[in-house]
Amino acid sequence: MLEALLIVVVGLTPSLFSVWVMRQTDARTQARLRLALNSVNRRGLPRLRLSPDHQYIDGVGYMIGDITCRFNARSSYVRCAVNPIGPCEGCSAYESRSWDDQSMAVEE
């Protein structure tokens, strides 16, 4: 009987040790995550650094380029169809939009 109990204890020892190590590791990981979240909350996130060419338009978001140009892509990545990487100053393809074109309604 004592031999059977010894075999069971020796057989269960590695798995019990493994569960104990996993719990310790999980607790340590949770503590480090909590510390990281608290440090970000205290320090704050860095400001988004946009080029001076970016403009925020309500309902559209950030756009680059001259928004009065007819060829403006209304995108934060591409300026226009004619001169996608810019600059807009002195562009030979500049055409001002008519009043009807200036509405930035999205057709759905």
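If you read the sequence from its start, that first residue is 1, and numbering goes on from there.
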**Item:** Derivation of the side-chain contact (heavy atoms from CB on, under 4.5 Å) call for T13 and V9
**Value:** CA-CA 6 Å; T13 301; V9 169; 4.1 Å; yes
Please report the interatomic distance [atom1]([X]) to [atom2]([Y]), rounded to the nearest 0.5 Å.
X	Y	atom1	atom2	value
T29	R34	OG1	CZ	11.0 Å
L37	R42	CG	CZ	11.0 Å
I7	L12	CD1	CG	12.0 Å

Which atom pair, heavy atoms only, marks the closest approach of [X] to [Y]?
X	Y	value
N72	I64	ND2-O, 3.3 Å
F71	C80	O-CB, 2.8 Å
M63	R74	SD-CA, 3.6 Å

**Item:** Donor-acceptor pair, side chain of S18 and main chain of P14, under 3.5 angstrom
**Value:** no
**Asked** Counting only heavy atoms not in Q24, do more than 12 fall under 6.0 Å of its CD?
**Response** yes
**Item:** hydrophobic_cluster_shared for V10 and F17, side chain cutoff 4.5 Å
**Value:**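 Result: no, two separate clusters.
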**Request:** May I ask you to test the V78-P84 pair for a side-chain heavy-atom distance under 4.5 Å?
**Result:** yes
